[in-house]
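Working notes, structure below.
Residue numbers count from 1 along this sequence. Both ligands and their constituent atoms are indexed starting at 1 by order of listing.
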Amino acid sequence: MRVLVVGAGGREHALCWALAASPLFDEVLCAPGNDGIARDAECVPVAAEDLDGLVQLARERAVDLVVVGPEAPLVKGLVDRLEAVGIPALGPTAAAARLEGSKGFTKELCFRLGIPTARARSFTAAEAEAARAWIRTHGAPIVVKADGLAAGKGVVVAATVEEAFEALDAAFGGAFGEAGRRVVIEEFLEGEEASLFAITDGETVRPLGTAQDHKRAFDGDRGPNTGGMGAYSPTPALDEALAEEAMARIVEPAIRGLADQGLRYRGILYAGLMLTSEGPKLLEFNVRFGDPEAQVVLPRLMSDFGEIALAAAEGGLRHVGVRFGPEHALTVVLASRGYPGSYPKGTEIRGLERLEGREGVLVFHAATRHEGGRWLAMGGRVLNVTGLGRSLREAHDRAYSAVEAIDWPEGFWRRDIGWRALARDEH
Ligand code: AMP
Ligand code: GLY
């Protein structure tokens, strides 16, 4: 059978790597992929948001399954288009993808179903006065979010009421484009953040691992927010009991609630949680795997990801178990200096060949080009170096000693990935 992965980053490399290892699939395609992914899949130059091109590719190559990495093609309706031509896909339809595409939609679902989350209200630009009044009533700290997809930049955790007003003016003034014409203002939640992954065919819901990522660019969780500078799995903060509670109170009710509305959710569901003194509360749903969380969750999976993905896409997940090994995984993101701002392209990365076949080390490429025998950096987040080990410490040491073997003066990475869990383990 043949599987097509949509996307071009480190997450998609991990997906291709896991699917290449599946006995079910003898061919893995990736659109558009990158030159690092090309070692595990056949990369085809069709952009991840070119729905016509993707549907055409899937038909021409008689693909049996499409696995969608990023949210944008899901929100645009790629899965609806594939369903219309009878090609199974792992990912929700556009209507169900509103779980990520619209914060207001998700809040409403949570309130209706009693899913624990921050109290919140949504306001349009015409309701600016009411929004200010709500902020005054609740006081700071308070959180102001653009309603739509704003590439992770639409959230302001305001320390003061004035700061919240500024965030409101910026959103209504068009700072986040259309995504900010409606805002959600919500209560500030205190606690540790953790991510819970699940996979579902719309009926059966299976947990698919836990992780914590590091969103800030620099050590000590300082600097600007990024897509994620590293991650580890499992996370001790979200132990088995808490993960079960979050599955039962947050993830499963959401999938059932959507089904009751006539929206069948098939795919991976990523719950961003705040572990508060009152238990796990939902910060946000994402309708896809995390990046770089997939790079630590998938390598720990003992079950065949190909079988799980196909069962979720076609229905029948109840027949398939999801089992993890005892290993820990930790990934370090290597980024171009300047990211998440502007950065040069085409700088050379040396030493990658030293990591080939190294025990307990996997390298996932997020944005590289292979040209004339040289590896070049072509994006912001460029490489993920994942270490695996019997303990988080061992996974950490393997990842970092591999990173040290890479020679890339124009790159940077955090040196403290996993610090929170390592400190917890070792005290
Ligand atoms: P979101 O994109 O909604 O996950 O928000 C991005 C980040 O903002 C989260 O990862 C949290 O660090 C923070 N955040 C969002 N909502 C809240 C909240 N209600 N209370 C505290 N922090 C929040
Ligand atoms: N690493 C965070 C995300 O994928 O949304």
Side-chain angles (χ1 to χ4, degrees), residues 7 9-12 14-15 68-72 74 99-107 110 116-122 135 138-159 163-164 167 171 176 179-180 183-197 209-217 221 224-233 235 237 268-278 280-298 331-333 335 340 364 366 380-381 384 414 417 420:
R11 165 183 52 206
E12 288 74 26
L15 288 165
V68 187
E71 65 276 16
L74 294 168
L99 223 40
E100 174 163 358
S102 165
K103 293 186 190 293
F105 173 82
T106 300
K107 277 289 169 189
C110 288
T117 186
R119 277 178 299 156
R121 262 197 62 187
S122 136
I135 290 171
H138 288 82
I142 194 160
V143 185
V144 179
K145 303 182 174 186
D147 183 69
L149 289 181
K153 295 182 191 97
V155 176
V156 175
V157 179
E163 218 181 294
F176 309 114
V183 300
V184 174
I185 305 176
E186 67 177 47
E187 164 199 17
F188 175 78
L189 297 177
E190 215 172 315
E192 195 171 332
E193 280 183 68
S195 304
L196 174 67
F197 298 92
T210 65
Q212 263 175 313
D213 77 343
H214 296 66
K215 288 197 172 78
R216 301 297 193 104
D221 292 328
N225 263 322
T226 71
M229 294 300 293
Y232 53 96
S233 174
T235 168
I268 289 165
L269 185 60
Y270 162 166
L273 305 173
M274 189 69 90
L275 307 176
T276 74
S277 54
E278 296 163 17
K281 292 192 180 181
L282 182 73
L283 282 176
E284 61 166 354
F285 277 129
N286 295 311
V287 295
R288 51 172 175 81
F289 238 134
D291 184 349
E293 291 91 333
Q295 292 89 305
V296 287
V297 169
L298 289 169
T331 197
V332 182
V333 171
F364 296 116
R381 293 191 295 172
N384 301 264
R414 282 184 57 162
I417 301 303
R420 205 185 286 273

Checklist entry - Out of E284, E100, E193, who gets a non-hydrogen atom closest to atom 11 (C) of ligand 1? => result E193
Checklist entry - Judging by distance only, is a nitrogen or oxygen of V143 under 3.5 angstrom from one on ligand 1? => result no
Checklist entry - atom 13 (C) of ligand 1: which of L189, I185, V157 has the nearest heavy atom? => result V157
Item to check | Short side-chain to backbone donor-acceptor contact, R216 and M229, under 3.5 Å | outcome: no
Item to check | Side-chain donor-acceptor contact under 3.5 Å, Q212 with E293 | outcome: no
Checklist entry - If you measure from each heavy atom of E190 to ligand 1, is any distance below 4.0 Å? => result no
Checklist entry - Would you say T226's side chain and K215's backbone share a donor-acceptor pair under 3.5 angstrom? => result yes
Short N or O separations between ligand 2 and the protein, below 3.5 Å:
residue  : atom  : partner : partner atom : Å
ligand 2 : 1 (N) : D213    : OD2          : 2.9
ligand 2 : 1 (N) : G227    : O            : 3.1
ligand 2 : 1 (N) : D291    : O            : 3.0
ligand 2 : 1 (N) : E293    : OE1          : 2.9
ligand 2 : 1 (N) : E293    : OE2          : 3.2
ligand 2 : 4 (O) : R288    : NH1          : 3.1
ligand 2 : 4 (O) : D291    : N            : 2.9
ligand 2 : 5 (O) : R288    : NH1          : 3.4
ligand 2 : 5 (O) : R288    : NH2          : 2.9

Checklist entry - Which atoms of ligand 1 are found less than 4.0 Å from any heavy atom of F188? => result 20 (N), 21 (C)
Checklist entry - Which atoms of ligand 1 sit under 4.0 Å from any heavy atom of K215? => result 10 (O)
Checklist outcome for this item: Taking only non-hydrogen atoms of L283 and a 4.0 Å limit, the atoms of ligand 1 in range are 15 (C), 16 (N), 17 (C), 18 (C), 23 (C)
Item to check | For D213 against G227, the heavy-atom pair lying closest together | outcome: OD2-O, 4.3 Å
Checklist entry - How far apart are the closest heavy atoms of R414 and V332, and which atoms are they? => result O-CG1, 3.9 Å
Item to check | The one among R119, R216, E186 that brings a heavy atom closest to atom 19 (N) of ligand 1 | outcome: E186
Item to check | Q295 side chain to A14 backbone, donor-acceptor under 3.5 Å | outcome: no
Checklist entry - Yes or no on side-chain hydrogen bond (donor to acceptor under 3.5 Å, both in side chains) for T117 and K107, after CA distance, side-chain angles and deciding distance? => result CA-CA 8 Å; T117 186; K107 277 289 169 189; 2.7 Å; yes
Checklist entry - When you measure from the side chain of T106 to the backbone N and O of L99, does any donor-acceptor pair fall under 3.5 Å? => result yes
Checklist outcome for this item: atom 22 (N) of ligand 1: of M274, K103, K281, the nearest heavy atom sits on M274
Next on the checklist: Give me the atom names and distance for the closest heavy-atom approach of A171 to V183.
Outcome noted: CB-CG1, 3.6 Å
Next on the checklist: Determine whether the aromatic ring centres of residues Y270 and F285 are separated by less than 6.0 angstrom.
Outcome noted: no
